[in-house]
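Heads up: the structure comes next, in structure tokens.
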Number of protein chains: 2
Amino acid sequence: MNHDSSLVNRLTDRLIAGELRPGERLSETALAKEFDVSRNTLREAFRVLGEQGLVTHIPHRGVSVASPSTADVVDIYRVRHHVECSVLEYAPRNHPNAVRMEAAVEAAEKFAAEENWLEVGTANMGFHNAVVSLSDSRRLMRSFANVLAELRLAFLKVEVLDFLHAPFIERNREVVEIYRSDGPGAAAARLAVYLGDSERQVLGAYARAGQD
Amino acid sequence: MNHDSSLVNRLTDRLIAGELRPGERLSETALAKEFDVSRNTLREAFRVLGEQGLVTHIPHRGVSVASPSTADVVDIYRVRHHVECSVLEYAPRNHPNAVRMEAAVEAAEKFAAEENWLEVGTANMGFHNAVVSLSDSRRLMRSFANVLAELRLAFLKVEVLDFLHAPFIERNREVVEIYRSDGPGAAAARLAVYLGDSERQVLGAYARAGQD
DNA sequence: CTAGCACTCATTGTTCAACAAACATAGACG
DNA sequence: CGTCTATGTTTGTTGAACAATGAGTGCTAG
């Protein structure tokens, strides 16, 4: 399954890059030919992606790119609140991985200056993954990364990559600074507020786009 | 994949029932014959189980039942602390699913009276899954259920099903009662203490068994 | 006798071809 | 206009085949 892991990665890259649109049907034969693998191998990759929530499988109707509903968005933000805030709150005061958060903020600022909003989004995901990395738990990081990938599909679905990401760069920076100065507890409280705001904005975009 | 989901479930059942011992090698041809499916179908199921952490895959050496190390146990308890305590703390005061917790406690007591420790363990898993169900988040419940299944493999590994489970029945009951009387915050604090105790006991069993 | 090495064998990784089953579409019919 | 059947397409699953890798075996040389 060496080759296969690479296949999963290639598919994931195309998904979060927005090349495969949310809701789009993924034909086994077409994709198998495109990636030059057999149908069986592709199906194994699909199962992994399905387990990660990036792809939806309906029996006898094949797989499509996941298209998160508003209910899914709400669910995802519940996970984010519980995981991110709890991890940040109980993180030690000077965790080595804090530099990852700072690096993600700086990367986001750089890409924002270039108006490369897709990469800003990636950097934003990197920031929140960095937050969870303060837990020192591989399992938590893995599960959380999946949830964030799903959330990116939600962003892609309503096509709001630009203005939705911009304001959060500054807020991410604030969270790091508060963590540095006032400690994990205060940072967690602030993050909770920001997550609530973020959720409202995404749901607003859904409502505007007329999506369910 | 209708049939396949059932295959994943059948395999999972045998895993958490302890019929397939942690570390045991799982031959593709043998299991394919036993479950009367083709090798390809079995491999797809293996991928799902691998993604869930129940099974370990090493390239060209096949899959074996996961055999959690002490590092894994520590990791799992980190997840449990963050998820369970956070969910309980922020749960509404009278969540409908609280009855699930109570039901799980009663089931555990019933099986304990029969000295059926395997089922006591299952009921214990049910209790903690019920706690997480207070989050109303499918994703959190799904990920958490996987982590708990892995933990059960850890229990099976050191063959301590009996005395390790018994004391927690009473503690689970206490958590519910505190939740009912003093509210979610107090219950979460108590649960945190109990999780710490539980982790120490499991790690102690690992040390006694001479496992890594 | 033992260390090292080539070799054999079993198992996994991957592909292909085939068929059954379910779904979707189109056309016939009332 | 709506419903039903017929056809075609896609998925679900199987079995066989072959390459690639690992593991164990036995041989040879020292």
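Here is how names work: the chains are called A, B, and so on, in the same order as the sequence lines, proteins then strands, and each is numbered from 1.
- Here the P atom of nucleotide D/dT14 and the CD atom of B/E28 are 14 Å apart, to the nearest Å.
- Put simply, CD on A/E44 is 9 Å from C1' on C/dG13, counting in whole angstrom units.
- In this structure, the CZ atom of B/R43 is 16 Å from the P atom of D/dT13, given to the nearest Å.
- Rounding to whole angstrom units, NZ of residue B/K33 and P of C/dT11 are separated by 11 Å.
- Separating the CG atom of A/L42 from the P atom of C/dT14 is a distance of 13 Å, rounded to the nearest angstrom.
- Exactly one residue among A/V74, A/I76, A/V79 makes a side-chain contact (heavy atoms from CB on, under 4.5 Å) with B/S137. That residue is A/V79.
- One interatomic measurement links the two molecules: CG of A/D36 to P of C/dC16, which rounds to 8 Å at whole-angstrom precision.
- Residues A/T41 and A/F35 are not in side-chain contact: their nearest non-hydrogen atoms beyond the backbone lie 4.5 Å or more apart.
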Contact pattern, 5' to 3', of nucleotides 18-23 of chain D - B, S or - by protein heavy atom under 4.0 Å:
---SSS

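- A donor-acceptor distance shorter than 3.5 angstrom exists from the side chain of B/S143 to the backbone of B/R139, with no hydrogens or angles considered.
- Atom CG in A/N40 sits about 13 Å away from atom P in D/dG15, given to the nearest Å.
- When the side-chain nitrogen and oxygen atoms of B/T29 are compared with OP1 and OP2 of C/dT11, none of them lie within a distance under 4.0 Å.
- Looking at A/D75, its side chain does come within 3.5 Å of a backbone N or O of B/R138 through a donor-acceptor pair.
- When rounded to the nearest whole Å, the span between CZ of A/R25 and P of C/dC23 equals 12 Å.
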Begin with the C-alpha distance, continue with both residues' side-chain angles, and end with the deciding distance and a verdict on ring pair (Phe, Tyr, Trp, His ring centres under 6.0 Å) for A/H81 and B/Y90.
CA-CA 10 Å; A/H81 183 274; B/Y90 290 99; 5.0 Å; yes

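- For A/V175 against A/A187, the heavy-atom pair with the smallest separation is O-CB, 3.8 Å.
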